[in-house]
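Data first, discussion second: the structure below is written as structure tokens.
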There are 2 protein chains.
Amino acid sequence: MAQEEDRAGATDTNFCVAGRLRMLSRIITSLYNEAFAPVGVTYAQASLLMSIFAQPGVRQVMLSRRLQIEKSALSRDVQGLLRHGWIGENVRNGLYLTEEGNRVAKRCHTIWKEVHEQVRDKLGEDSLQALAQFSDQLFSVKAGRNHESFP
Amino acid sequence: MAQEEDRAGATDTNFCVAGRLRMLSRIITSLYNEAFAPVGVTYAQASLLMSIFAQPGVRQVMLSRRLQIEKSALSRDVQGLLRHGWIGENVRNGLYLTEEGNRVAKRCHTIWKEVHEQVRDKLGEDSLQALAQFSDQLFSVKAGRNHESFP
DNA sequence: CCAAAAGTGTTGTGTATACAACCGGCCTTA
DNA sequence: TAAGGCCGGTTGTATACACAACACTTTTGG
């Protein structure tokens, strides 16, 4: 006799895009946070550390654009990395990892690869491809390659 | 000679699922927040108000499960609605909109329909379908209909 | 050279979210 | 009936993020 439904699902094309993305983001973020916990970092921190590792001296405004994070939000995230001693003090001159930051970034990358592998296995290539398709379409529209505008 | 790349894109199936979802979530949330701003609510608030509108007396734990939001986080979101006077005081007895909450919820729903329409037009059915596919696959795996576990 | 403009980062304020610990009610069971 | 457990909700603490306003630096046009 059908209990109150408490599960999300529904392929209904009428679902709320924002709500769905936010929910998926929460779920997947939790998964990654759990994996990174032993290193003592969150996904957001790990992501920044790995970005800086891959491109030492990168500027905040560059990361801000690449990750589509508001510059003020990123500034505070950077202050967090600073508090933990993972990056050097002179942030206005580009971001550089400290020795410790370097070690943490490497451990993060190892973990990231494992989790990514696991996610790929469980969800399958098709799903990742589907997400990529949505993503590419959004960016394509945002870039104005279609019609005009889309904030 | 190729400037430093600062744009996201890349259909590469090797992209980070968490990073991508978080980015998409930020972008789309901003879009909706902008649309809801005239009413003085954020997307998250509007979403809760509309849920309560659709199901008066709903309990926190139900919304928590449905939206996959941690119960403590939801508790604080509810306190926000309370501060704004959009829901009645006795939250432990189920959530109910006040008169004002009702008005706001209705305006939110109107706006939501407009924005959804606009998003659907710009991105196209195929993209929404792709997102739904990813989403359904994730929930299907989470529900353990494949192999065992996936937190 | 200087003043306006544009670009980069920070601060003030508020919301959204998580995890762990706890509280109070209800139910089970020894 | 009293000791536990489970459940739903709240609180303590810390991140993550946004918008607006500001400060500082660099660039640009005269």
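Proteins come first, then strands; the chains are lettered A, B, ... in the order of their sequence lines, and each starts at number 1.
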- May I have the step-by-step check of side-chain contact (heavy atoms from CB on, under 4.5 Å) for B/V115 and B/F36, ending in yes or no? CA-CA 10 Å; B/V115 178; B/F36 283 124; over 6 Å; no
- Item | Sidechain-backbone polar pair: B/Q68 side chain, B/R65 backbone, donor-acceptor under 3.5 Å | yes
- In whole angstroms, how far is the C1' atom of D/dA18 from the CD1 atom of B/I27? 14 Å
- What's the CZ-P distance between A/R22 and D/dA16, to the nearest Å? 16 Å
- Of the residues in residues 81-96 of chain B, which ones touch DNA chain C at a heavy-atom distance under 4.0 Å? B/R83, B/H84
- Message: Is the phosphate of C/dG7 approached by A/Q60 (side-chain N or O, under 4.0 Å from OP1 or OP2)?
- Response: no
- Item | Inter-end axis angle, the helix from C/dC1-D/dG30 to C/dA30-D/dT1, with every axis fitted to five base pairs (rounded, 10 degrees) | 10°
- Query: With respect to the phosphate group of C/dT17, does any side-chain polar atom (N or O) of B/Q68 fall under 4.0 Å of OP1 or OP2?
  - Reply: no
- Short side-chain to backbone donor-acceptor contact, B/Y43 and B/L31, under 3.5 Å: no
- Would you indicate, yes or no, if C/dT11 has its OP1 or OP2 atom less than 4.0 angstrom from a side-chain nitrogen or oxygen of A/Q79? yes
- Can you find a pair of side-chain heavy atoms, one from A/L67 and one from B/R26, that are under 4.5 Å apart? yes
- Query: For the side chain to side chain contact (heavy atoms under 4.5 Å, CB included) test, which of A/V104, A/T110, A/N102 pairs with A/K106?
  - Reply: A/N102
- Note: A/A46 and A/V41 closest approach over all heavy atoms is CB-CG2, 4.0 Å
Between N or O atoms, less than 3.5 Å apart, protein on one side and nucleotides 19-22 of chain C on the other: list the pairs.
unit_1, atom_1, unit_2, atom_2, d
C/dC19, N4, B/S72, OG, 2.6

- Task: To the nearest Å, give me how far apart CG (B/L31) and P (D/dC19) are.
- Result: 11 Å
- Note on the structure: Sequence neighbours excluded, the answer for salt bridge (charged side-chain N to carboxylate O under 4.0 Å, His left out) partners of B/E70 is none
- Task: Rounded to the nearest angstrom, tell me the gap between atom CZ in B/R26 and atom P in C/dA16.
- Result: 17 Å
- Message: What is the distance, to the nearest angstrom, from the CG atom on B/L49 to the C1' atom on C/dT15?
- Response: 14 Å
- Base, sugar-phosphate, or nothing: which does B/T42 touch, judged by heavy atoms less than 4.0 Å apart? sugar-phosphate
- Message: C/dG7, OP1 or OP2 - any side-chain N/O from A/R59 closer than 4.0 Å?
- Response: no
- May I ask you to say what B/I69 touches in the nucleic acid, namely base, sugar-phosphate or nothing, with a heavy-atom cut-off under 4.0 Å? sugar-phosphate
- Expressed in angstrom and rounded to an integer, what is the separation of B/F36 atom CZ from C/dA16 atom C1'? 16 Å
- Message: If I take atom CZ in residue A/R65 and atom P in nucleotide D/dA18, what distance separates them, rounded to the nearest angstrom?
- Response: 15 Å
- Item | Pairing residues for A/R120 by the salt bridge (charged side-chain N to carboxylate O under 4.0 Å, His left out) criterion, not counting sequence neighbours | A/E125
- Between the main-chain N or O of B/S25 and the side-chain N or O of B/T29, is there a donor-acceptor pair closer than 3.5 Å? yes
- Message: Please check this pair: side chain of B/R20 against backbone of A/A132, looking for a donor-acceptor N/O pair closer than 3.5 Å.
- Response: no
- Could you tell me whether a side-chain N or O of A/Q137 sits under 3.5 Å from a main-chain N or O of B/L123, the two making a donor and an acceptor? yes
- All pairs passing side chain to side chain donor-acceptor pair (under 3.5 Å) where residues 77-97 of chain A contributes a residue, at least two apart: A/S75-A/Q79
- Query: When the distance from CG of A/L74 to P of D/dC19 is rounded to whole Å, what number comes out?
  - Reply: 14 Å
